[in-house]
Chemist: 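Mind looking over this structure? Questions follow.
Every chain is numbered from 1 and lettered A, B, ... according to where its sequence line falls, protein lines coming before strand lines.
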Amino acid sequence: MSYEDSRLYRLRHSAAHLMAQAVAELYPGAKLSIGPPIENGFYYDIEFPASIKEEELERIEQKMKELAKLKQPIVRRLAADRDEARRIILEETTNGEGAENAVYKLELLDAIPGGEEVSFYEQRATDKQGQEHVFIDLCRGPHLENTGEIQHFKLMNIAGAYWRGDVRNKMLTRLYGTAFETKEELETYLHNLEEAKKRDHRVLGRELGLFMFSPRVGPGLALWLPKGATLRNVLCDFLQAEQLKRGYQPVVTPNIASIRLYEKSGHILTYRDKMFPFMEDEEKETFVLKPMNCPFHIEIYASSLRSYRELPVRYAEFGTVYRYEQSGELAGMLRVRGFTQDDAHLFVRPDQLLDEFKGVVDLMLTVLKKLGLSEYRVRVGTRDPGETKYVGHDENWELSESAIKQACEQLGLEYELSPGDAAFYGPKLDLIIKDALGREWQMGTVQVDYNLPERFELEYIGEDSKPHRPIMIHRAPFGSLERMIGLLTEQYAGAFPLWMAPVQVAVLPIADRHNDAAEALAARLRGQGLRVEVDDRRETLGKKIRENQRQKLPYMLVLGDRDIEAGTVGVRSRTEDLGAMAVDEFVVKVTAELAG
RNA sequence: GCCGAUGUAGCUCAGUGGUAGAGCAGCUGUUUCGUAAACAGCAGGUCACCGGUUCGAAUCCGGUCAUCGGCUCCA
């Protein structure tokens, strides 16, 4: 049974109504808008007469408990027609506060399609003091039978939310809460939230020495520490090797360019507010910090006459781009202002589009598998049939939309179609992954583009010795290194698989007299291509194990008199003591693990 | 950018009007140790920043900045 059909869903929906009832009683003049159940709870968007503070949640929660205990029956009411619905909203749902108080509900009513029935949910009861409590809300439902069933809930936080999700509208106050069937489930949920915070990449990034931010450098500008930079290099090496196999060619381009490049590409028109402020040189030439790599790669393509025989051309670059994200959107490594895309641009003939797209999807699948990511969503963004903002000919769009679908189907990649999510210049495929707190982030992306080849008048000479326009594919399997490594940190809770781990092996000499042997062992393992550190601090073995364990190192090798004499090491994995092993045996074991 | 919250030592946190505290980390000394924290001592702070109220501000008020949870937007 789907979540939407479950009792839990109805419970949360009814909890949202209960919260709205409590707010209506506590804050006369509060204007209610919408209050749906969501993945882990519910919310209600409300315009309060005066801004409210987080501490007031407790008061609202208290009121909810009182109202729940009244065991108000929840009754569905059908409005006979629009006029009656309007009357109910104006006269019954606003506690006599009139039309001004019902603005959002009236707008919602107008949005309900003509043929559809209009229903209300009503809950009412009289308390011991003889006071009557009534709450009626325009709502599709369904709900529980009685407010008495709402017992295990908690209000979580306050946030602002634009009415109907549109920045041009008024910002309402959103109250978030959660509710469960049992006390245990509620407690488990809250406990898991706490646990998830320990996997937060911002916490682990510092603890494990991966990356950091500094106020002196600036918001959203990451600093990669040695271990993080090592991890980053490992991932880049992997992808680069994979791309080499697939006929990609490396290119390298600058971080700034004349504004003329971005005028030509059209980004100045569509992207200006996401770009860092421009800079001007002494000769009044304006330069911009690059927000995208594509125009540079296009210049390289356009630098010589291309034959149809050369295509597809695939230019790849780990290109660092800068985007002036709004301050409130920054989120650790998951949302930064300077990031490196594992970018590439493919210039293809129409007859190559399907195969090339398949090649890219295959690469993405290879990457996902290697990274151990299995929890992801694939979204194919196609045109919204009602929209006219798109560039390019219809037959091209049909060609590329079907190429994307075919590529996925032939490679067994499950996807969901999302009409309207295409870029204005072409359809795309996005990879979406959740972080520790369950928030979704767009990672890898493949986009078909007819716009830029047009704007830059790109050509190749066809078999017919006439010029033809190539199609571009933009693609980034990781998306960005910052976001990907942030996410991987959370996925693995810092315990990266052996091949990724910045330090794979720590050698732990027991006493000072074992330091030389430890260095020799480390050198030997490094000779095998392993990333090895020696922990020769003057600390007890127990302490070294504890701390290296906390650093989530895959292997620790304990080295003492017994081992030096026998040519062994005491091997310890992340979880357990594996006992003494010959050094060669350990090398074989680790090598096998890396190969497998 | 907008709504709400937070900002005290490298880290985690205590301190609600009377001159700043703990644990861990650091440094020094002792200990040379076989599988998750040896012992002792020392040092460390413009209480984010700027302004105001007050005899007196980490504490109250205002502003700025940064961070966190959302909204919008996105790799």
Chemist: Quick one: label A:Val321 by what it contacts on the DNA or RNA (base, sugar-phosphate, nothing), any heavy atom closer than 4.0 Å.
Modeler: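 Nothing: the residue A:Val321, judged by heavy atoms under 4.0 Å, touches no strand.
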Chemist: Return the CD to CE distance between A:Glu61 and A:Met156, rounded to the nearest 0.5 Å.
Modeler: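 The distance works out to 10.0 Å.
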Chemist: Please check the phosphate of B:A38 (OP1 and OP2 only) for any side-chain N or O of A:Thr540 closer than 4.0 Å.
Modeler: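 Yes.
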Chemist: OH/A:Tyr492 to CE/A:Met500 distance, rounded to the nearest 0.5 angstrom?
Modeler: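 Separation between the atoms: 4.5 Å.
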Chemist: Once you round it to whole Å, what is the distance between C1' of B:A37 and CZ of A:Arg546?
Modeler: 5 Å
Chemist: I need the CZ-P distance between A:Arg537 and B:A38, as an integer number of Å.
Modeler: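 Computing the A:Arg537:CZ to B:A38:P distance gives 10 Å.
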Chemist: Within 45 degrees of the axis of the six-membered ring of A:Tyr322 and under 6.0 Å from its centre: does A:Lys290 put its NZ or CZ there?
Modeler: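 Verdict for A:Tyr322: no cation-pi partner in A:Lys290.
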Chemist: According to the Watson-Crick and G-U wobble definitions, with both distances under 3.5 Å, which nucleotide is paired to B:G29?
Modeler: B:C39
Chemist: Among all residues two or more places apart in sequence or in another chain, which pass the side-chain contact (heavy atoms from CB on, under 4.5 Å) test with A:Asp384?
Modeler: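 By the side-chain contact (heavy atoms from CB on, under 4.5 Å) rule, A:Asp384 matches A:Glu387, A:Tyr390.
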Chemist: Give me each pair satisfying salt bridge (charged side-chain N to carboxylate O under 4.0 Å, His left out) with a member in residues 40-52 of chain A, each pair once, sequence neighbours excluded.
Modeler: A:Lys31-A:Glu47, A:Asp45-A:Arg174, A:Glu47-A:Lys170
Chemist: How long is the span from the CD atom in A:Gln243 to the OG1 atom in A:Thr366, to the nearest 0.5 Å?
Modeler: 11.0 Å
Chemist: With rounding to the closest Å, how many angstrom separate the P atoms on B:G23 and B:C68?
Modeler: 30 Å
Chemist: In whole angstroms, how far is the P atom of B:G34 from the CD atom of A:Glu539?
Modeler: 15 Å
Chemist: Could you run through nucleotides 66-74 of chain B and give me one letter per nucleotide, 5' to 3': B if any protein heavy atom sits under 4.0 Å from the base, S if only the sugar-phosphate is that close, - if neither?
Modeler: SSSBBBBBB
Chemist: Is it true that the NZ or CZ of A:Arg337 lies under 6.0 Å from the centre of A:Tyr324's six-membered ring and within 45 degrees of the ring axis?
Modeler: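 Because its charged atom sits under 6.0 Å from the ring centre and within 45° of the axis, A:Arg337 does stack over A:Tyr324.
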Chemist: How close or far is atom P of B:A38 from atom CD1 of A:Ile545, stated in whole angstroms?
Modeler: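 Nearest whole value for this atom pair: 11 Å.
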Chemist: Tell me which nucleotide, if any, is Watson-Crick or G-U wobble paired with B:A66 when both distances must be under 3.5 Å.
Modeler: B:U6
Chemist: Of all of residues 38-57 of chain A, which get a heavy atom below 4.0 angstrom from RNA chain B, listed by number?
Modeler: A:Ser51, A:Ile52, A:Lys53, A:Glu54
Chemist: Distance-only, no hydrogens or angles: does the A:Asn169 side chain make a donor-acceptor pair with backbone N or O of A:Trp163 under 3.5 Å?
Modeler: yes
Chemist: Between A:Phe180 and A:Tyr189, is the ring pair (Phe, Tyr, Trp, His ring centres under 6.0 Å) condition met? List the steps.
Modeler: CA-CA 9 Å; A:Phe180 286 87; A:Tyr189 172 72; 5.2 Å; yes
Chemist: Is A:Arg572 near enough to B:G34 that one of its side-chain N or O atoms lies under 4.0 angstrom from OP1 or OP2?
Modeler: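 Looking at the OP1 and OP2 atoms of B:G34, neither is under 4.0 Å from any side-chain N or O of A:Arg572.
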Chemist: Counting only heavy atoms not in A:Asp516, do more than 12 fall under 6.0 Å of its CG?
Modeler: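 Not buried by this count: 12 neighbours or fewer within 6.0 Å.
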Chemist: Measure up the A:His474 and A:His345 rings against each other and bin them: parallel (under 30°), tilted (30 to 60°), perpendicular (over 60°).
Modeler: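 Perpendicular.
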Chemist: Indicate, with a heavy-atom threshold strictly under 4.0 Å, whether A:Gly570 touches base, sugar-phosphate, or nothing.
Modeler: base
Chemist: What's the gap between B:C47 and B:U8 when it is taken at their C1' atoms, as a whole Å value?
Modeler: 4 Å
Chemist: Can you sort out which residues in residues 365-384 of chain A have a heavy atom within less than 4.0 Å of RNA chain B? Ascending by number, please.
Modeler: none
Chemist: My understanding is that a pair needs two contacts under 3.5 Å, Watson-Crick or G-U wobble. By that rule, which nucleotide pairs with B:G45?
Modeler: none
Chemist: Between A:Glu440 and A:Arg377 (salt bridge meaning N to carboxylate O under 4.0 Å), is one present in this structure?
Modeler: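 Yes, this pair counts.
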Chemist: Identify the nucleotide, in any strand shown, that forms a Watson-Crick or G-U wobble pair with B:U54, with both distances under 3.5 Å; if there is none, say none.
Modeler: none
Chemist: How many whole angstroms separate atom CG of A:Asn515 from atom C1' of B:C33?
Modeler: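 It is 13 Å, rounded to the nearest whole Å.
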Chemist: Backbone N or O of A:Ile545 within a donor-acceptor pair of the A:Asn548 side chain at under 3.5 Å?
Modeler: no
Chemist: For the pair made of CG in A:Leu508 and P in B:A37, what is the distance, rounded to whole Å?
Modeler: 13 Å
Chemist: Taking A:Arg550 for the side chain and A:Leu208 for the main chain, is one N or O donor matched with an acceptor at less than 3.5 Å?
Modeler: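 Checked: no pair found.
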Chemist: Using Watson-Crick or G-U wobble geometry with both distances below 3.5 Å, tell me the partner of B:U19, or none.
Modeler: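 Partner of B:U19: none.
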Chemist: Quick one, which residues of residues 552-566 of chain A touch RNA chain B with a heavy atom under 4.0 Å?
Modeler: A:Val558, A:Gly560, A:Asp561, A:Arg562, A:Asp563
Chemist: I need the CG-P distance between A:Asp273 and B:G1, as an integer number of Å.
Modeler: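 A:Asp273 atom CG is separated from B:G1 atom P by 13 Å.
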Chemist: For A:Val569 and A:Glu207, take the nucleotide of RNA chain B holding the closest heavy atom to each; which residue's nucleotide lies nearer the 5' end?
Modeler: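 Its nearest nucleotide being more 5', the pick is A:Glu207.
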Chemist: Please determine whether side-chain hydrogen bond (donor to acceptor under 3.5 Å, both in side chains) holds for the pair A:Glu56 and A:Tyr27, giving the CA-CA distance in whole Å, both sets of side-chain angles, and the decisive distance to 0.1 Å.
Modeler: CA-CA 11 Å; A:Glu56 294 174 58; A:Tyr27 303 88; 2.6 Å; yes
